[in-house]
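One structure is given below, encoded as structure tokens.
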Amino acid sequence: MATRQVSRLTLAPQLRDHLTANNLTTARDVLFCGPLDLMELLGLTWQQANALLADVSAQTTPPFTTAWELLTEANGPSAAPLLRTGLPTLDSALRRGVPAGSITELVGPGGVGKSQFCHSMAAAVSLPAECGGLGAGVVYIDTERKFSAARLQEMLNARIAAAQAARAEGHRALPGPGPIAAGAAAQAMQRVVVLSPASTEELSRQIELLPDVVLRHHARLVVVDSIAALARTEYGNAGDRDRGGGGGASGLAGNIMDRQQVLGRIAAQLKAAAESLALPVLVVNQVTTRISRGPQPPGPGAASGQAPGPGPAPGSGGGGDGSLGAALGLKWAHCVNTRLVLQRVGERRFLKVAKSPACAAVILEYVIGPTGLQQVDNADLPEVLYGNALAAPILNELDYGANDAWAAG
Amino acid sequence: MSRRQEVVSLPLPPHLRNRLLEAGFTHTGDLERAGGALGLAKEVGITPAEAHDVLQLLGLGAGTGRGAAGPAGPGAGAAGWGTGAVSAAELLAEAEARPPVVTLCRELDGLLGGGVAVGGVTEFCGEPGVGKTQLGLQLSVSAQLPAALNGPQGQVVYVDTEGSFMVERCVDIAEGAVRHVRALAEAQAAQGRPQLADALRSGAVPYDVEGLLRGIHYFRIHDVTEQLALVTSLPRFLQLYPQVRLVVFDSITFHFRQDMSDMAQRTRLVTAMAQQLISAAQTYGVAVVLMNQVTTKFLEGGGTKMVPALGESWGHAASTRVMLYWGQDHERHAALFKSPCLPPGDVAYAVTTDGIRSLRRR
């Protein structure tokens, strides 16, 4: 709507020509002018200028609906098929599966199962309906070269075997009708498109082209594994150099601002693509360890005391325990609609919904099995899960800059 | 306003301004003595319609002079620049007549002086995941509380810029509110005041999930242009739907942070937008609630702190500003840090299945 041409708006012809003659060619150009600008530029009176703005606005405002209509639509027959994670607790918490049209983020330390989760979602989408899948394409953007076709095939085969076993038992409830075709796994493999950008530039370009790729392959899922890797390596090194030169915090800060710019652009493109195609987008993010020392963590804790009101303390982990936070900072965090946190406590693994417009925080335990992530029903959850920093604020990587501990380490 | 304002400073299109100046009209007083629209037109050599527009600006031909934001076109009666002035007593009476929008968290309502004020702009800032969207949904439901419970009993405009409006979640909160209202009605009936319970049962006071969802007008905004367009058309919408008592923007910030690189332009646009929202809130007696993101600010000498996004000049947009944050006790907190009439304060609140509620201390 933003690029809507003035020539296609319903306006008086002279006025339209007048606007284009003055280089106001899109609705955006007109609305970015105040009434006074329009008066100067076009020689209109105050009333005319306001009438013009109101007119253009009325034609640019998107149509509205009521919440009731949204609900009827979501439960209607034309609603898009839901993408289930296969983890019952998570599915019931998210209600409509992995949300379509917005970004869902997976955060967790290395080796906890983020990529496994992505692989299993890819399998769930690419499998045909007979095996409980969506029979649709997947775009897998693999920045860390972690995508494993063998693992995907293993998951597909395990799922097909499970579906066949269920059918043999006369389990009518689960999979859809029709026999399972022989080459189901091979076909599913064909539906998964893997892109491996080598730099943020390339990533950015690929995300720009994402809508085309998605439409060409009839994709119902986009996976980015991971968003942080490229940005952190490319921009992180420069930060090291600056720090070595004694420029300390300011060099690092400037660098992170650069990175925020790039990331902001990528995030906005990703989000726009998700929205316009009503696609679920799954993004993997890394965690950073906050190293605090001494009884009173310096920097963030003290600084936030000056914030308006009682400052929102970024770190609630406190102490010297090296609490965890999601990488990439606040601006990115604001782009994320749903945040899932994967965490390991001892030998056990847990998945937690840290942010979702759909539900309050829920926790479940899982193991990594042949079909992907599998839920383990276990009522006794370790206490540590409730008090962890990841539960509460979404930390900012910039805390590093404020901590001398980092420089020393 | 001075009767001696200079013609140069009037908001006029350049060609008209130049004609007036050429004809020797330098001050507004000259225009007033020009003999009405026809006299002015003849003397300056402009059309009577143009002359009429000029005089309207001075309030001589009547009218509001705030075309876009004004509720109606030219009204009757001539008045000066001071039209629209009301006494403080009238304002007080007006404010008391309009019940605020409650959050259903007793402490948070107390902090806000009874709830989110109708007729003003209230801003909530906070980190991702602290409950801004949940609060927006809760307010959308409680703005429809029946007048019998001293609720605004109005409709809602919900502007979703981030795609985080989740209708199933809205159903939860609506169900919670319906249960709450029924329980209140039963309690009243038990005390010998069955009016509300009867009204709910007979449907005279409609308060059910379907009605609540139908009362929420939902706009999905995809970019800055659409947002500006919506804010500009808001007065028109509020004229069409006079029932609306609450407008929620979740969030006001998102597109301005993603979509714009020219900071000067952004400041100008958000300031203009703020003006339009304040004016709409006052003119149509609606509560305008703005959700804002937070950003990291670098402090001199290293260190960072979290501040509301959109910069310093945006700070004037909302008359009441509340920061939502995670406290050291791992609970959600709300801190009031700007208000024309309330003392600053800090309370804890909880997000439950039923919506925003008081925190139950363990």
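Values reported hereafter were calculated over all heavy atoms of this structure, with side chains retained and with hydrogens, waters and symmetry mates removed.
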Exercise. I would like to know whether Q134(B) and R169(B) meet side-chain hydrogen bond (donor to acceptor under 3.5 Å, both in side chains); could you show each step before the answer?
Key: CA-CA 8 Å; Q134(B) 304 295 323; R169(B) 182 68 186 123; 2.7 Å; yes

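Interface residue R257(B): backbone and side-chain heavy atoms are both found under 4.5 Å from chain A. R220(B) touches chain A through backbone and side chain together, each having a heavy atom under 4.5 Å away. Residue E40(A) touches chain B through both its backbone and its side chain, counting heavy-atom pairs closer than 4.5 Å. Using a 4.5 Å cut-off between heavy atoms, H217(B) touches chain A through backbone and side chain atoms alike. Both the backbone and the side chain of S164(B) come within less than 4.5 Å of a heavy atom of chain A. Contact of F165(B) with chain A is made through the side chain alone, with heavy-atom distances under 4.5 Å. Heavy atoms of A58(A) lying under 4.5 Å from chain B belong to its backbone as well as its side chain. Contacts between V171(B) and chain A at a heavy-atom distance below 4.5 Å involve the side chain alone, from C-beta outward. Both the backbone and the side chain of L230(B) come within less than 4.5 Å of a heavy atom of chain A. Neither the backbone nor the side chain of Q227(B) has a heavy atom closer than 4.5 Å to any heavy atom of chain A. Residue R268(B) touches chain A through its side chain alone, counting heavy-atom pairs closer than 4.5 Å. Looking at K132(B), the atoms closer than 4.5 Å to chain A (heavy atoms on both sides) all sit in the side chain, from C-beta outward.
Salt bridge status for E168(B) with R95(A): absent, with no side-chain N to carboxylate O gap under 4.0 Å.
Looking only at heavy-atom pairs under 4.5 Å with chain A, the residue among E162(B), H15(B), Q293(B) that has the most is Q293(B). Of the residues considered (L36(A), T66(A), V336(A), L53(A)), T66(A) shows the highest number of contacts with chain B, using heavy-atom pairs under 4.5 Å. Ranked by heavy-atom pairs shorter than 4.5 Å toward chain A, the options V130(B), D172(B), I221(B) are led by D172(B).
The shortest distance between side-chain heavy atoms of T45(A) and L12(B) does not fall below 4.5 Å. Residues T320(B) and K338(B) form no side-chain contact, since every pair of their non-hydrogen atoms from C-beta on lies 4.5 Å or further apart.
One distance of note links CG of N285(A) with CD of E105(A); it measures 4.5 Å at 0.5 Å rounding. The distance from atom OG1 of T338(A) to atom CE of M166(B), rounded to the nearest 0.5 Å, is 6.5 Å.
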